[in-house]
Amino acid sequence: MHRVFSGIQPSGVPTLGNYLGAIRNWVPMQDRHDCLFCIVDLHAITVWQEPAQLLAQTREMAATLLACGLDPKRCVLFVQSHVTAHAELAWIFNCVARLGWLNRMTQFKDKAGKDREAASAGLYVYPNLMAADILAYKATSVPVGDDQRQHLELANDIAQKFNHDYGTEFFPRIEPFIQGVAARVMSLRDGTKKMSKSDPSDQSRINLNDDTDTIALKIRRARTDAEPLPGHLAQLESRPEARNLVGILAAVTGTLPENVLREHEGQGFGAFKEVLTEALVAHLSPIRAEMLRLLQDAPALDAALRQGSERAEAIARPVLAEVKRLVGFLPRG
Ligand code: AQP
């Protein structure tokens, strides 16, 4: 069995993008692999988070992941900051990774924006922490979106340099499971930008806790064009907003965008948006109801996360002890 590690930031309410691009794909992996799923709060604070809100969002994320079908009996679900191995190994990796490698990371450039001098040092070394997340468990498979490919290559460079510098074969090679581009959900306001939980506009995304009326309103207001839907996908190439809505309907109804177009060819967006709203509400309402139910019992959620952390800690502890021996913090046994 492969060991799978994947993470999600509690930087807001999870969106339809997080769900279709990541969470939904994690559920069946629980039966096929040894899975660790982590709420990565250390990553979240690389940009400012209000403390009380961060705590609430971490619980909300846990409730959402459980409501979507992650089962603590079949996977290890935990919070990153509860297992100190992540931060400890990340420091060692800060000393292994080279500045030149980090300077090439496009996500830092995107997230730091124009005022790079004002970005946190944490945002800059984010990929080193991500390497530590994975390698603290010697995980070999990492399901991520295509945007994370560069970070995984860097994690492999770090693992190889560590192995080379300390004369060991300790860290394994990491293989990304890159989820298809079809799973990339774009903003409802701009079809060229990905849907993000921290986008300043709430109208740009569907949150997994949005109620029926909110979903209907957001889809009604979603940016589109005046043309009816064509019969073939290639005809949507220059219409990113239309392409996005077609992709969302395909993903939630378990079909291909080509089939959606075959069925709705010639339809205007008024009618199409009604069909899309109905499908989204049917798919997301049970998740929302379960999430709200779970959130009513905060002690039970906290207990589930505590147990997850204990299990994660038990896997990471011997890995970190061996790293400390290799580095020279502890005698080699
Ligand atoms: N729009 C998206 N379409 C498909 N997949 C997506 N993911 C995120 N947005 C989309 C996938 O969700 C997983 C967890 O992401 P994350 O929370 O670790 O960070 P992110 O990718 O930066 O997600 P957000 O929602 O955009 O968060 P913020 O706004 O805080 O930066 C990843 O596997 C990601 O690919």
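Counting starts at 1 for both ligands and their atoms, following the listed order.
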Mind checking whether His43 has a heavy atom under 4.0 Å from ligand 1? no
Under 4.0 Å from any heavy atom of Ser11, which atoms of ligand 1 are there? 27 (O), 28 (P), 30 (O)
Sort and list the pairs that fulfil side-chain hydrogen bond (donor to acceptor under 3.5 Å, both in side chains) and have at least one residue in residues 11-24, not counting sequence neighbours. Ser11-Lys197, Thr15-Asn18, Tyr19-His283
Residues Asn163 and Phe170: closest non-hydrogen pair is OD1-N, 3.4 Å
Sub-4.0 Å atoms of ligand 1 with respect to non-hydrogen atoms of Gly7: 14 (C), 18 (O)
State whether Lys218 and Asp202 are salt-bridged, where the test is any N-O pair (Lys NZ or Arg NE/NH1/NH2 against Asp/Glu carboxylate O) under 4.0 Å. yes
Taking Asp71 first and then Arg74, would you say they form a salt bridge - that is, a charged N and a carboxylate O separated by under 4.0 Å? yes
Within the structure, does Met195 bring an N/O atom to less than 3.5 angstrom of an N/O atom in ligand 1? yes
At the 4.0 Å heavy-atom cut-off, does Thr15 count as touching ligand 1? no
Look only at interatomic distance and state if Asn18 has a nitrogen or oxygen under 3.5 Å from any nitrogen or oxygen of ligand 1. yes
Please say which of Phe93, Trp91, Phe78 ends up in a ring pair (Phe, Tyr, Trp, His ring centres under 6.0 Å) with His86. Phe78
Of Met130, Gln49, Lys194, the one whose closest heavy atom lies nearest atom 22 (O) of ligand 1 is Lys194
Considering both backbone and side-chain atoms of Val40, is one of its nitrogen or oxygen atoms within less than 3.5 Å of a nitrogen or oxygen in ligand 1? no
Just to be sure I read this right, does ligand 1 sit under 4.0 Å from the backbone of Ala22, its side chain, both, or neither, counting only heavy atoms? side chain
Pair listing, side-chain hydrogen bond (donor to acceptor under 3.5 Å, both in side chains) test, anchored in residues 254-270, at least two apart: Thr255-Asn259, Asn259-Arg262, His264-Gln267
Is there a heavy atom of Arg184 sitting under 4.0 angstrom from any atom of ligand 1? yes
